[in-house]
Colleague: 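First the structure, then my questions, so here it is.
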There are 2 protein chains.
Amino acid sequence: MRIIKDEKTVRGYLEKHSFQDIFSFDISPYTTVVFFDAGDEICRQDERPEYLYYIFDGTIKLFFTQRNGKTYIIDFLKAPCFIGEAELLVENTYTRGVTALAKCGSFKIDIKKCGQMLLEDPVFLRYICRYQVEKSTRFTQNYGHNKAYPLKVRFAEFILMNSRNDIYREQHTEVAEFLGVSYRHLLYVLSDFVDRGILEKAEEGYRIKNRRELEKLAQKD
Amino acid sequence: MRIIKDEKTVRGYLEKHSFQDIFSFDISPYTTVVFFDAGDEICRQDERPEYLYYIFDGTIKLFFTQRNGKTYIIDFLKAPCFIGEAELLVENTYTRGVTALAKCGSFKIDIKKCGQMLLEDPVFLRYICRYQVEKSTRFTQNYGHNKAYPLKVRFAEFILMNSRNDIYREQHTEVAEFLGVSYRHLLYVLSDFVDRGILEKAEEGYRIKNRRELEKLAQKD
DNA sequence: AAACACATGTGAGATTTCTCATATTATTTA
DNA sequence: TAAATAATATGAGAAATCTCACATGTGTTT
């Protein structure tokens, strides 16, 4: 984690990401820039955050752990996104865990100092409203989705979305959690893909050998 | 469906439900009161609604139908709740279907006439923000939940939540959809509950005979 | 280098859940 | 009132997914 407080530098980032546009008052006095490395904890589950983060670069992982110890990845969020906006708006909300998946750049806003102003700012509120609606829409989509199709369909789609140059190299443990199936089962389906000549194991991960077939699987008529 | 436009009556309902409190301008000129009967369609899927509804009494069902014809119940919403707030806030959002499950009373707001004012009203926006956050929190909860436990656990919990005076009488077809399992499987689990002496079939529905056992099943340590 | 944590793989067998078929009863609709 | 529609109910067999057990590799920590 690297914190940048230097006023000029902070202003530079604010400009670059048009962050001021979301507010009707000057946000710079309450803002610092923070960079996270992959794996850094941004927010601990069940701890009320003291800051509102706006991730302008990178990817984060949202998860929560149930009392039985099982953790569920709620979502992978790509920049731009907020962290802690729920807690700002609703007193008794349940805080989820957040970690950086890749290097992240963010604005960190001190809500102790400007929380009240934020809650009264129509520009900010409208932005957050929209953001929330989009988030929950995507979620619902994903939800029906997950229940609707067996893993091979969802996994095929996931592989297509998360491969570059025909190479898929996500961590199976994480993906199994995200897709809501056991690690074992994911591996079954994976090896089935290999058996069917759709994927091929390579040094750098799994190579997509038959994209057409993968797309056919992924398309959920 | 019954529409009430009489100004005095509308004002009466507005007062009763403190609806004006959510706005910083006078909402009454844009509002009528509408009652829905069980089964009425409030909003058709994929059709952009022209009104924002605030349900002050009753229960509605939110669902969407996928291209393959399968419908998914997203949620049962109990009053008070909004319908159409997503569409007001986000241009290109995907409209879900909404039907009344029980008799509903609602305020119907003409967003063609006051949409812009709503989008600039911090009181309204803050309320909606909170509402959205709570909604999506509940979703997330439900989501991890659904994936985490086999049906008998989720169903046990559902029965406990949806019974009165030890009588459970929801429609199995609806519930199966909501819990995201096949009708057949729900019936299997149901009859298992009966076999184990937890439930008992009665005239008016199913009677809870062994609440302790049901609670034990429902609790997901 | 030993010990450890953790991701990757594979096997066997059990459980959960699904699809399809088929009857029987309401409830709606023509 | 007859016909159509939808909910309830049950059976058989298959597919999807899970748990547990275990082996291997790789990178960290001590």
Side-chain angles (χ1 to χ4, degrees), chain A residues 37-39 61 66 68-73 99 101 144-156 158-159 168-196 199-206 217 220, chain B residues 37-41 61 63 65-66 68-73 99 101 144-156 158-159 168-196 199-207 217 220-221:
Chain A
D37 292 314
K61 185 177 73 171
Q66 284 185 318
N68 62 9
K70 287 189 188 174
T71 60
Y72 293 95
I73 295 179
T99 55
L101 260 190
H145 206 194
N146 266 10
K147 306 252 41 157
Y149 304 95
L151 183 62
K152 64 180 172 207
V153 177
R154 292 177 282 138
F155 192 30
F158 187 86
I159 291 170
Y168 168 77
R169 42 136 91 260
E170 298 297 319
Q171 226 165 295
H172 303 152
T173 43
E174 296 264 308
V175 175
E177 269 178 26
F178 180 59
L179 295 177
V181 297
S182 68
Y183 173 72
R184 187 66 191 86
H185 189 51
L186 187 85
L187 272 269
Y188 267 132
V189 174
L190 178 62
S191 81
D192 179 54
F193 284 178
V194 173
D195 289 349
R196 288 158 70 174
L199 297 182
E200 180 184 45
K201 188 159 188 177
E203 275 300 301
E204 340 79 87
Y206 283 82
L217 273 171
K220 40 224 137 36
Chain B
D37 292 315
D40 279 0
E41 180 177 65
K61 184 177 74 170
F63 64 93
T65 307
Q66 283 185 318
N68 62 9
K70 287 188 187 175
T71 60
Y72 294 93
I73 295 179
T99 55
L101 260 191
H145 207 192
N146 266 10
K147 305 256 43 158
Y149 304 95
L151 183 62
K152 63 180 172 205
V153 177
R154 291 178 281 139
F155 193 30
F158 186 86
I159 291 171
Y168 168 78
R169 41 135 92 258
E170 298 298 319
Q171 227 166 293
H172 303 152
T173 44
E174 298 264 308
V175 176
E177 270 177 25
F178 179 59
L179 296 177
V181 297
S182 68
Y183 173 71
R184 186 67 192 87
H185 189 52
L186 187 85
L187 272 269
Y188 266 132
V189 174
L190 177 63
S191 82
D192 179 54
F193 285 178
V194 173
D195 289 348
R196 288 158 71 175
L199 297 181
E200 180 184 44
K201 188 161 188 176
E203 274 299 300
E204 339 79 87
Y206 283 81
R207 171 171 295 110
L217 274 170
K220 41 230 138 30
D221 34 303

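Lettering of chains follows the sequences in order, A, B, ..., and the numbering in each one begins at 1. Quick note: numbers below take in every heavy atom, side chains included, and nothing from hydrogens, waters or symmetry partners.
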Colleague: In whole angstrom, what separates B:Phe155's CZ from C:dT16's P?
Modeller: 15 Å
Colleague: Just the rounded figure in Å: distance from P of D:dC18 to CG of A:Leu179.
Modeller: 11 Å
Colleague: Rounded to whole Å, how long is the line connecting atom CG of B:Leu190 with atom P of C:dT16?
Modeller: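 Nearest whole value for this atom pair: 16 Å.
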Colleague: For A:Tyr206, check ring-ring contact (aromatic ring centres under 6.0 Å, His included) against everything at least two apart and list the hits.
Modeller: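 If we apply the ring-ring contact (aromatic ring centres under 6.0 Å, His included) test to A:Tyr206, skipping adjacent residues, the hits are A:His172.
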Colleague: Check the orientation of B:Phe193 and B:Phe155. Use parallel for under 30°, tilted for 30 to 60°, and perpendicular for over 60°.
Modeller: parallel
Colleague: Do nucleotides 10-17 of chain D as a string where each nucleotide becomes B, S or -: B if the base has a protein heavy atom under 4.0 Å, S if just the sugar-phosphate does, - if no protein is that close.
Modeller: BBB---SB
Colleague: Round to the nearest Å and state the distance from A:Glu177 atom CD to C:dC6 atom P.
Modeller: 13 Å
Colleague: Considering residues at least two apart in sequence or located in another chain, which fulfil the side chain to side chain contact (heavy atoms under 4.5 Å, CB included) criterion with B:Glu174?
Modeller: B:Lys61, B:Ile73, B:Phe76, B:Leu101, B:Gln171
Colleague: State which residues pass salt bridge (Lys or Arg N to Asp or Glu O under 4.0 Å) with A:Glu204; sequence neighbours excluded, sorted by chain then number.
Modeller: A:Arg207
Colleague: Send over the distance from B:Leu186 CG to C:dT16 C1', rounded to a whole Å.
Modeller: 13 Å
Colleague: Indicate, with a heavy-atom threshold strictly under 4.0 Å, whether A:Tyr206 touches base, sugar-phosphate, or nothing.
Modeller: sugar-phosphate
Colleague: Grab the CD-P distance between B:Glu204 and D:dT8 for me, whole Å please.
Modeller: 15 Å
Colleague: For A:Ser191, enumerate each residue passing the side chain to side chain contact (heavy atoms under 4.5 Å, CB included) test, keeping only those at least two apart in sequence or located in another chain.
Modeller: none
Colleague: With B:Asp192, which residues qualify under side chain to side chain contact (heavy atoms under 4.5 Å, CB included), at least two apart?
Modeller: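 Partners of B:Asp192 by the side chain to side chain contact (heavy atoms under 4.5 Å, CB included) criterion, ordered by chain and then number, come out as B:Arg196.
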Colleague: Without decimals, in angstroms, what is the distance between B:Glu170 CD and D:dA6 P?
Modeller: 20 Å
